[in-house]
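Note: hydrogens, waters and symmetry copies are ignored here, and every other heavy atom, side chains too, is used.
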Amino acid sequence: DCIQSLDSLPLIEKINEECLKQNTKIKGFLQINTENNPNQFGFSKHEIEQNLDTFFKFSHVKITGLMTIAPFNKSKKEIQSSMREVFSLFKEIKKNYSFFEDLSMGMSNDYKLAILEGSTLIRIGRILL
């Protein structure tokens, strides 16, 4: 019961409107595009820092964490660096917002690194087959 891929303000606004109509609330994570890759979705670190107050004002979407997809085709060192950057942002936000509790990073190919770098949730699937 959580949306981990909130990648734009218009999307959050639309989900908030729908939840309001249905008289329900949902938790969500802000998706970060750490590489600022135009082929991937998500906010830049700067966009998240600049819009924190806006993200937390929605009445029916409660932002409780961050989610990222580590860069593909990068070295282990580059992936760890990317994850550390997201973990650092997560810790900064958590200082001021105690309900900010989850960091979702790591998938089947990099979940071990994600756990080492502070992830509280991992998304595995392919390795279960």
Side-chain angles (χ1 to χ4, degrees):
D1 61 342
C2 175
I3 301 172
Q4 292 195 30
S5 55
L6 299 175
D7 61 12
S8 71
L9 275 170
L11 176 62
I12 299 169
E13 290 166 352
K14 181 67 175 165
I15 292 169
N16 191 69
E17 288 172 19
E18 290 302 316
C19 285
L20 182 62
K21 288 177 191 174
Q22 297 178 29
N23 195 29
T24 189
K25 294 184 180 186
I26 192 156
K27 291 182 181 180
F29 300 169
L30 300 173
Q31 181 173 340
I32 302 178
N33 181 345
T34 57
E35 301 288 303
N36 296 318
N37 182 337
N39 297 319
Q40 290 182 325
F41 296 101
F43 296 98
S44 69
K45 179 182 175 187
H46 178 74
E47 288 172 317
I48 288 179
E49 293 169 335
Q50 295 298 309
N51 292 294
L52 272 180
D53 290 337
T54 302
F55 294 135
F56 296 128
K57 288 183 179 178
F58 291 97
S59 61
H60 285 70
V61 176
K62 183 170 178 119
I63 304 298
T64 61
L66 298 176
M67 185 279 280
T68 192
I69 299 171
F72 296 108
N73 301 322
K74 298 282 182 160
S75 71
K76 178 180 174 181
K77 194 174 204 174
E78 290 170 307
I79 292 170
Q80 282 182 292
S81 176
S82 175
M83 288 180 176
R84 282 186 187 137
E85 183 180 330
V86 176
F87 182 67
S88 177
L89 177 61
F90 172 75
K91 287 192 312 185
E92 281 300 311
I93 296 170
K94 190 167 177 59
K95 283 181 190 176
N96 297 315
Y97 301 94
S98 60
F99 56 85
F100 206 74
E101 57 194 18
D102 287 307
L103 176 56
S104 178
M105 53 183 191
M107 298 187 338
S108 292
N109 59 324
D110 58 11
Y111 73 93
K112 291 178 183 176
L113 285 177
I115 292 167
L116 290 172
E117 297 303 331
S119 184
T120 63
L121 295 170
I122 55 173
R123 301 174 312 277
I124 56 173
R126 189 176 26 146
I127 64 171
L128 298 175
L129 300 175

Enquirer: Can you sort out the partners of Lys14 under salt bridge (charged side-chain N to carboxylate O under 4.0 Å, His left out), two or more places apart, ordered by chain and number?
Expert: Glu18
Enquirer: Residues two or more places apart in sequence or in another chain: which of them pass ring pair (Phe, Tyr, Trp, His ring centres under 6.0 Å) with Phe90?
Expert: Phe100
Enquirer: Among all residues two or more places apart in sequence or in another chain, which pass the side chain to side chain contact (heavy atoms under 4.5 Å, CB included) test with Leu121?
Expert: Gln4, Phe29, Asp102, Ser104
Enquirer: I'd like to check the salt bridge (charged side-chain N to carboxylate O under 4.0 Å, His left out) partners of Glu85; sequence neighbours left out, ordered by chain and number.
Expert: none
Enquirer: Under the side-chain hydrogen bond (donor to acceptor under 3.5 Å, both in side chains) test, which residues partner Ser75, sequence neighbours left out?
Expert: Glu78
Enquirer: Can you sort out the partners of Phe58 under ring pair (Phe, Tyr, Trp, His ring centres under 6.0 Å), two or more places apart, ordered by chain and number?
Expert: none
Enquirer: Apply salt bridge (charged side-chain N to carboxylate O under 4.0 Å, His left out) to Lys95 and list each qualifying residue two or more places apart in sequence or on a separate chain.
Expert: Glu92
Enquirer: Excluding sequence neighbours, so at least two apart, what forms side-chain hydrogen bond (donor to acceptor under 3.5 Å, both in side chains) with Ser119?
Expert: none
Enquirer: Connecting only ILVMFWY residues whose side-chain heavy atoms lie within less than 4.5 Å of each other, what is the rest of Ile115's hydrophobic cluster?
Expert: Tyr111, Ile122, Ile124, Ile127, Leu128
Enquirer: Could you work out, with side chain to side chain contact (heavy atoms under 4.5 Å, CB included) as the rule, every residue matching Ser81, not counting sequence neighbours?
Expert: none
Enquirer: Can you sort out the partners of Glu117 under salt bridge (charged side-chain N to carboxylate O under 4.0 Å, His left out), two or more places apart, ordered by chain and number?
Expert: Arg84
Enquirer: Residues two or more places apart in sequence or in another chain: which of them pass ring pair (Phe, Tyr, Trp, His ring centres under 6.0 Å) with Tyr97?
Expert: Phe56, Phe99
